[in-house]
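Every chain is numbered from 1 and lettered A, B, ... according to where its sequence line falls, protein lines coming before strand lines.
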Amino acid sequence: MEVFLLLGSFVLFVMLRVPIALALVTASIITALSLGLPLASLFQRMVSGLNSFSLIAIPFFILAGEIMNQGGISTRLIQLSNIIIGKIRGGLAMVNVMASTFFGGISGSAVADVSSVGSVLIPMMKKKKYESDYAVAVTVSSAAQGVMIPPSHNMIIYSAAAGGVSIGSLFLGGLLPGLLLGAALMVTTYLLAVKRGYPKGEPIPRKEVPRIVREGLLGLFTAVIIIGGIVSGIFTATESAAIGVLYAFVITFFVYRDIPLSRMGSILNNTFKTLAMVMFLIAASSGFGWLLAFLQVPAMVTEALLSISSNEILLLLLINLILLVLGTFMDMAPLILIMTPILLPVATQLGMDPVHFGVVMILNLSIGLITPPVGSALFVGCAVGKVPIEKATRSLMPFYVTMGAVLLLITFVPEIVLWLPKLLAP
Amino acid sequence: GTGADGQVVLKLAENQAEDYPTTIGDKAFAKEVEEKTNGRIKVEVHAGGELGDEKSVIEQVQLGSIEMARVNAMPLSEYSKEIGVLNMPYLFPDKETMWKALNGSVGRELLKTLEKDKLIGLTYYDSGQRGFYNSKRPIREPKDLKGLKIRTQQSKIAIDTVNSLGASATPMAYEEVYSAIQNGVIDGAENNYPSYFSTGHYEVAKYYTTNGHSTTPEVLLISKSAWEKLSPEDQKILREAARNSTDVQREAWAELVQKSKEKVEKSGNKVVEIKDFKPWREAVQPVYDKYGKQFQKWINKFEQVK
Amino acid sequence: MKILMKMEKWIHHLVHRFIQVLLVLTVLIVLVQVGLRYFFSYTPSWSEELTLVLLIWISFIGIAVGFRENLHIAVEFVVNRFPEGVRNGLEWLTRLLVLVLGCLFIYFGGQFTIMMSNTAMPGTQLPLAVMYFCIPTCGLLMILYTFFNAILPKSDGAEEEGDE
Ligand code: NA
Ligand code: NA
């Protein structure tokens, strides 16, 4: 009975545009009252949901990303991509995908990618006679792909929600699927470019090349530091993230020198804004999830799903479908936090590795970032490109197909995810 | 909470897996309570940390939203200071004396001190003896520890104990220990035999020493508010069942220690059995100088147990 | 009115400065911890714990500031089909919930903080109350912000400090 109260009131409040985290807390409070549980224990759970050392990596990743972002990393990554791939037909579109792959190695935020890489490239693409809805479609789909590329604070949220899956393994697990998806998106853009006769990119003056390569690689080295630090075991995820912040700071203010040191105030404020949103969600889901466990919901869902069918392939498809549908309505972080404790037991029953499940889940929810009715990356992309959402969505169709194909591939070929962690993770 | 037709349901939080000795103890307790009350009281064991980690569970039991929990006395001592005496190194001369003391009147009296912090302690469970392990060399006496970075639990007494024995204590999250030893960030850690085996740390730290510097036991708790709702007869049933479950748990523990030991030895690890504890006991004297006063009353009481 | 506006600006300025300092502190503490471990084989017992307390404080203040600046994500597409009057009404629903939650945070969070005052965290030896005191603080800020938000004219607030 209380299960319906908890889930029902949550859905109701969300529909009434109560912020998701507040809806989670309100539904939890109502349910706790009905169960006769002291409210203090709910608030205790909210705090203890944040009381985990690995979560400190989250503000650090956001901060490092924000420093690099305001410090002008995106133009450098775009120029670097242009040198590598710009000369091919549809060059700018492919540069867009590649720049996002690189950007993914610095930031874990698809929205940050769209607003920084997108706001440079979408106008450039328009000028070169790409349709604006196509420019938006390329931008947002490749931004969604960057979430898979480590570092990614969503992977840390998953690690916490799954009860401490190794962050190093998750990061490594996301790398190949992320690169694979990037490659698939490039192929898609290339085929479309040939079909529609998009232009080749312009060559970069030769004397600029060394500077662009140097500065681009220096920026990308952030990812190497973070991932290398974690994977080698020399640093914990949190320590690597802190060193990442230090590195980003040095590169931005002593090498790039696009912005003055006084910008740190605005960088910190922006970090705090993202953080406020993410941390409230984690705290609220922690209380909500505790009540779910209290009411033994995960066990019930596992039982129900396994009673539908014992066919592993069917169940995996069903899990993907559930996540895709939920992802169209809700954002990534709350879904990771709410659905992991419910679906992970089913997945492990089916013999899925928690790292594999995490990467599959995050790809599912990444697709959700660029689908209507709710898709934060799509919204930002449409705003930057000044394109109506319906038009962008139509243009996104081939990209949805590509992403769906990659999703199926990594769902049923776990080695793509697990090969690197098995090879490298301690 | 109260279930259908007046049945009392007590949720018991257990952070170990289903087949772990403490869980076996919890379940023996649950079974006996249910039988002796003809099902009036049902104890639901939530294993695997489903209801939260140890510290968070202690706070929930204080609040009364979780009725029962099995936790280690070390985290418990952050919430109720006196039980912290059990963290002192080499507190008892040997295992028999320790259990005679804990199962006897002094042990019960110590559990009573939890009451002022809204907790009722029912009984103790065995958590074995902690020993050092490392990847560098066999440890035969404290001076062999010199210069080794040893991962230590987040506790002042634990840190001071490890330092007083000559190592350099390195507090670190438990999940990171394996790779930290593997990569040489630390040289080793300290724990009981079953954990040394089950965490896989034995794969990266080949040398284990049975020096037993710490024997902090587990405690079975019930929240004061849930306790006060029970009739005196039911309270008696719970106490007895808890006391009996200690025997079941200790047996399961001994079995697991034996099993882990065999597996560790089979994989070619070098185990040093300590026979002469004198240098070890002497080395931890600074810990007694520092904390002895605050626990003096209890240390004296335990010394009376022969 | 003028005084109130000044007050809200002042509070907000203070909160933002406080957060900036805390954020920088967390990074510095972790960096110092790494440095000490590498160069001096010494790991302070307080560093992890202190960083976490700071993070929890940042997060809970963030909850309150998030309501002030509309940062917390909500699902809009259902409501967008409703007439404007209904939408405005729903804004008040959220405000009301924030207000109630603020009061609950203060009352039950405060109660719990007091209950945790006789404890000692293992690393820093600070009472856990230091950590849990962020709950009633957040509650107080939530109420203050909602109050200002409801009575002060809309134009000010969100822009001036947030984006600099
Ligand atoms: Na990323
Ligand atoms: Na892009």
- Note on the structure: For Y196(B), the ring-ring contact (aromatic ring centres under 6.0 Å, His included) test, sequence neighbours excluded, returns Y133(B), Y208(B)

- Where does S41(A) contact chain B at under 4.5 Å (heavy atoms): side chain, backbone, both or neither? both

- Item | Worked verdict on D187(B) versus K136(B) for salt bridge (charged side-chain N to carboxylate O under 4.0 Å, His left out) | CA-CA 7 Å; D187(B) 303 305; K136(B) 290 278 151 48; 2.7 Å; yes

- Indicate whether any N or O donor in one side chain lies under 3.5 Å from an N or O acceptor in the other, for T23(B) and D26(B). no

- No-hydrogen, no-angle side-chain donor-acceptor test under 3.5 Å, E203(B) and H201(B): no

- Of P38(A), A40(A), G36(A), P298(A), the largest count of non-hydrogen pairs under 4.5 angstrom with chain B goes to P38(A)

- Task: Over 60° means perpendicular and under 30° means parallel, so classify the ring planes of Y158(A) and F357(A), tilted if in between.
- Result: tilted

- Which residues satisfy the salt bridge (charged side-chain N to carboxylate O under 4.0 Å, His left out) test with E18(B), sequence neighbours excluded? K27(B)

- Could you tell me which residues in residues 54-62 of chain B have at least one non-hydrogen atom under 4.5 Å from a non-hydrogen atom of chain A, sorted by residue number? S56(B), E59(B), Q60(B)

- Residues two or more places apart in sequence or in another chain: which of them pass ring-ring contact (aromatic ring centres under 6.0 Å, His included) with F294(A)? W290(A)

